[in-house]
Amino acid sequence: QVHLVESGGGLVQAGGSLRLSCAASELTFSDYIIAWFRQAPEKDREFVAAINWRGTSTYYADSVKGRLTISRDNAENMAYLQINTLRPEDTAVYFCAAADKSIYEVNELYRVNFYAVWGLGTQVTVSS
(Lines give C-alpha, C1' and ligand atoms only; values in the text may rest on other atoms or scores of the structure.)
Protein backbone atom coordinates (compact mmCIF):
# COMPACT_ATOMS: atom_id res chain seq x y z
CA GLN A 1 0.00 0.00 0.00
CA VAL A 2 1.34 3.38 -1.00
CA HIS A 3 2.06 5.79 1.82
CA LEU A 4 2.87 9.47 2.06
CA VAL A 5 3.77 10.90 5.45
CA GLU A 6 4.16 14.60 6.04
CA SER A 7 6.19 16.17 8.82
CA GLY A 8 7.73 19.48 9.80
CA GLY A 9 4.67 21.50 10.69
CA GLY A 10 4.33 23.47 13.88
CA LEU A 11 3.59 26.80 15.51
CA VAL A 12 5.68 29.68 14.24
CA GLN A 13 5.56 33.44 14.42
CA ALA A 14 4.75 35.54 11.39
CA GLY A 15 7.87 36.15 9.35
CA GLY A 16 9.39 32.82 10.26
CA SER A 17 10.14 29.82 8.07
CA LEU A 18 9.32 26.13 7.98
CA ARG A 19 10.44 23.21 5.89
CA LEU A 20 7.82 20.54 5.40
CA SER A 21 8.82 17.03 4.41
CA CYS A 22 6.94 14.28 2.63
CA ALA A 23 8.24 10.73 2.94
CA ALA A 24 7.00 8.21 0.38
CA SER A 25 6.98 4.44 0.59
CA GLU A 26 5.70 1.50 -1.42
CA LEU A 27 5.88 3.36 -4.71
CA THR A 28 8.41 4.14 -7.41
CA PHE A 29 8.80 7.73 -6.32
CA SER A 30 10.30 9.01 -9.55
CA ASP A 31 7.18 7.87 -11.46
CA TYR A 32 5.02 10.33 -9.53
CA ILE A 33 4.28 14.01 -9.84
CA ILE A 34 4.29 15.44 -6.32
CA ALA A 35 2.24 18.34 -5.05
CA TRP A 36 1.44 20.18 -1.87
CA PHE A 37 -2.03 21.35 -1.00
CA ARG A 38 -3.33 23.10 2.09
CA GLN A 39 -6.65 23.35 3.81
CA ALA A 40 -7.60 26.01 6.31
CA PRO A 41 -10.56 25.55 8.67
CA GLU A 42 -13.88 25.72 6.86
CA LYS A 43 -12.19 26.23 3.50
CA ASP A 44 -11.63 24.01 0.49
CA ARG A 45 -8.35 22.25 -0.06
CA GLU A 46 -6.22 24.46 -2.28
CA PHE A 47 -3.21 23.84 -4.49
CA VAL A 48 0.09 25.26 -3.26
CA ALA A 49 2.89 23.80 -5.39
CA ALA A 50 3.81 20.88 -7.64
CA ILE A 51 6.97 19.36 -9.07
CA ASN A 52 7.44 17.01 -11.98
CA TRP A 53 9.11 13.61 -11.92
CA ARG A 54 12.75 14.72 -12.10
CA GLY A 55 12.29 18.06 -10.40
CA THR A 56 13.00 20.00 -13.57
CA SER A 57 9.67 21.86 -13.55
CA THR A 58 7.88 23.45 -10.61
CA TYR A 59 4.53 25.16 -10.34
CA TYR A 60 3.14 27.48 -7.68
CA ALA A 61 -0.13 29.07 -6.74
CA ASP A 62 -0.03 32.80 -7.36
CA SER A 63 -0.83 33.46 -3.70
CA VAL A 64 2.43 31.86 -2.54
CA LYS A 65 4.79 32.47 -5.43
CA GLY A 66 8.11 33.86 -4.26
CA ARG A 67 7.78 32.58 -0.69
CA LEU A 68 7.60 28.84 -1.24
CA THR A 69 9.97 26.37 -2.82
CA ILE A 70 9.07 22.81 -3.67
CA SER A 71 11.81 20.24 -4.18
CA ARG A 72 12.33 16.51 -4.25
CA ASP A 73 15.03 13.91 -3.71
CA ASN A 74 14.19 10.81 -5.71
CA ALA A 75 17.08 8.84 -4.24
CA GLU A 76 15.59 9.33 -0.76
CA ASN A 77 11.90 9.14 -1.78
CA MET A 78 11.38 12.57 -0.23
CA ALA A 79 9.70 15.80 -1.22
CA TYR A 80 9.94 19.13 0.55
CA LEU A 81 8.17 22.44 0.83
CA GLN A 82 10.17 25.38 2.11
CA ILE A 83 7.91 28.19 3.32
CA ASN A 84 9.47 31.57 4.05
CA THR A 85 8.06 34.79 5.44
CA LEU A 86 5.11 32.96 6.96
CA ARG A 87 1.86 34.85 7.34
CA PRO A 88 -1.15 34.12 9.56
CA GLU A 89 -3.14 33.31 6.43
CA ASP A 90 -0.73 30.43 5.77
CA THR A 91 -2.26 28.64 8.76
CA ALA A 92 -3.64 25.34 7.47
CA VAL A 93 -3.11 21.62 7.31
CA TYR A 94 -0.59 20.94 4.56
CA PHE A 95 -0.97 17.77 2.51
CA CYS A 96 1.44 15.98 0.24
CA ALA A 97 -0.10 14.33 -2.82
CA ALA A 98 1.19 12.10 -5.61
CA ALA A 99 -0.03 11.45 -9.14
CA ASP A 100 1.10 8.48 -11.20
CA LYS A 101 0.84 10.23 -14.56
CA SER A 102 3.17 9.97 -17.53
CA ILE A 103 1.94 13.21 -19.06
CA TYR A 104 0.02 16.20 -17.77
CA GLU A 105 -1.45 19.53 -18.66
CA VAL A 106 -0.41 22.29 -16.30
CA ASN A 107 -3.99 23.18 -15.41
CA GLU A 108 -4.53 19.60 -14.21
CA LEU A 109 -1.93 20.01 -11.48
CA TYR A 110 -4.17 22.40 -9.57
CA ARG A 111 -6.99 19.87 -9.21
CA VAL A 112 -7.42 17.72 -6.11
CA ASN A 113 -8.76 14.80 -8.16
CA PHE A 114 -5.60 14.66 -10.30
CA TYR A 115 -3.80 13.03 -7.37
CA ALA A 116 -4.53 9.47 -6.28
CA VAL A 117 -2.31 9.29 -3.21
CA TRP A 118 -2.52 11.58 -0.21
CA GLY A 119 -0.87 11.89 3.14
CA LEU A 120 -2.71 12.72 6.35
CA GLY A 121 -1.28 16.21 6.56
CA THR A 122 0.80 18.30 8.92
CA GLN A 123 -0.55 21.34 10.78
CA VAL A 124 1.08 24.73 10.25
CA THR A 125 -0.03 27.51 12.56
CA VAL A 126 1.30 31.03 12.17
CA SER A 127 0.81 33.50 14.99
CA SER A 128 0.70 37.23 14.39
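No donor-acceptor pair closer than 3.5 Å links the side chain of T122 to the backbone N or O of S7. Distance alone, capped at 3.5 Å, places no donor-acceptor pair between the E76 side chain and the D73 backbone. Of the possible donor and acceptor atoms, one in the side chain of E6 sits under 3.5 Å from a partner among the backbone N and O of L120. A distance-only check finds a donor-acceptor pair linking the side chain of R67 to the backbone of N84 [under 3.5 Å]. Looking at Y94, its side chain never comes within 3.5 Å of a backbone N or O of L81 through a donor-acceptor pair. With N52 contributing its side chain and S57 its backbone, the two residues share a donor-acceptor pair below 3.5 Å.
Under the 4.5 Å side-chain contact rule for hydrophobic residues, Y59 and V112 share a cluster. Residues F29 and V117 share a single hydrophobic cluster, defined by chaining ILVMFWY side chains whose heavy atoms lie under 4.5 Å apart. Connection of V126 to L68 is established within a shared hydrophobic cluster, with ILVMFWY side chains joined at heavy-atom distances below 4.5 Å, either directly or through further cluster members. Note: the hydrophobic cluster containing W118 also contains F114 (ILVMFWY, side chain heavy atoms under 4.5 Å, direct or indirect links).
In this structure, R72 forms no cation-pi arrangement with Y80, as its terminal cationic atom is not both closer than 6.0 Å to the ring centre and no more than 45° off the ring axis.
Counting heavy atoms from C-beta on, the side chains of Q82 and S71 never come closer than 4.5 Å. Residues Y115 and L109 meet the side-chain proximity criterion, which asks for heavy atoms closer than 4.5 Å. Residues I70 and Y60 form a side-chain contact, since some pair of their non-hydrogen atoms from C-beta on lies under 4.5 Å apart. For the pair S127 and V12, the minimum side-chain heavy-atom distance is 4.5 Å or more.
Here CZ of R45 is found 16.0 Å from CZ of R111. Values are rounded to the nearest 0.5 Å. Rounded to the nearest 0.5 angstrom, L86 CG and L18 CG are separated by 5.5 Å. Annotation: the span from L27 atom CG to N77 atom CG amounts to 6.5 Å, rounded to 0.5 Å. Atoms CG and CD, from L11 and Q123 in turn, are 9.5 Å apart once rounded to the nearest 0.5 Å.
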One pair to check against side-chain contact (heavy atoms from CB on, under 4.5 Å): S30 and R54. What are the steps and the verdict? CA-CA 7 Å; S30 58; R54 290 182 294 169; over 6 Å; no

What do the steps show when you test T91 against E89 for side chain to side chain donor-acceptor pair (under 3.5 Å), and what is the final call? CA-CA 5 Å; T91 295; E89 54 264 37; over 6 Å; no

From CA spacing to verdict: side-chain contact (heavy atoms from CB on, under 4.5 Å), I51, I33: CA-CA 6 Å; I51 188 167; I33 296 165; over 6 Å; no

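Applying the side chain to side chain contact (heavy atoms under 4.5 Å, CB included) test between W36 and each of L20, I83, V64 identifies L20 as the sole match.
The neighbour count for D44 CG, taken as heavy atoms of other residues, nucleotides or ligands under 6.0 Å away, does not exceed 12.
A pairwise comparison of heavy atoms in A79 and I34 identifies CB-CG2, 3.7 Å as the closest pair. G119 approaches F95 most closely through the heavy-atom pair O-CD2, 3.5 Å. Counting all heavy atoms, side chain and backbone alike, S128 lies closest to A14 at CA-CB, 4.3 Å. Closest approach of S21 to M78, counting heavy atoms only: CB-CE, 3.7 Å.
In this structure, F47 has its ring center closer than 6.0 angstrom to the ring center of F37. Ring to ring, Y104 and W53 are close: their centroids are under 6.0 angstrom apart.
In summary, D90 and R87 do not engage in a salt bridge, as defined by a charged side-chain N under 4.0 Å from a carboxylate O.
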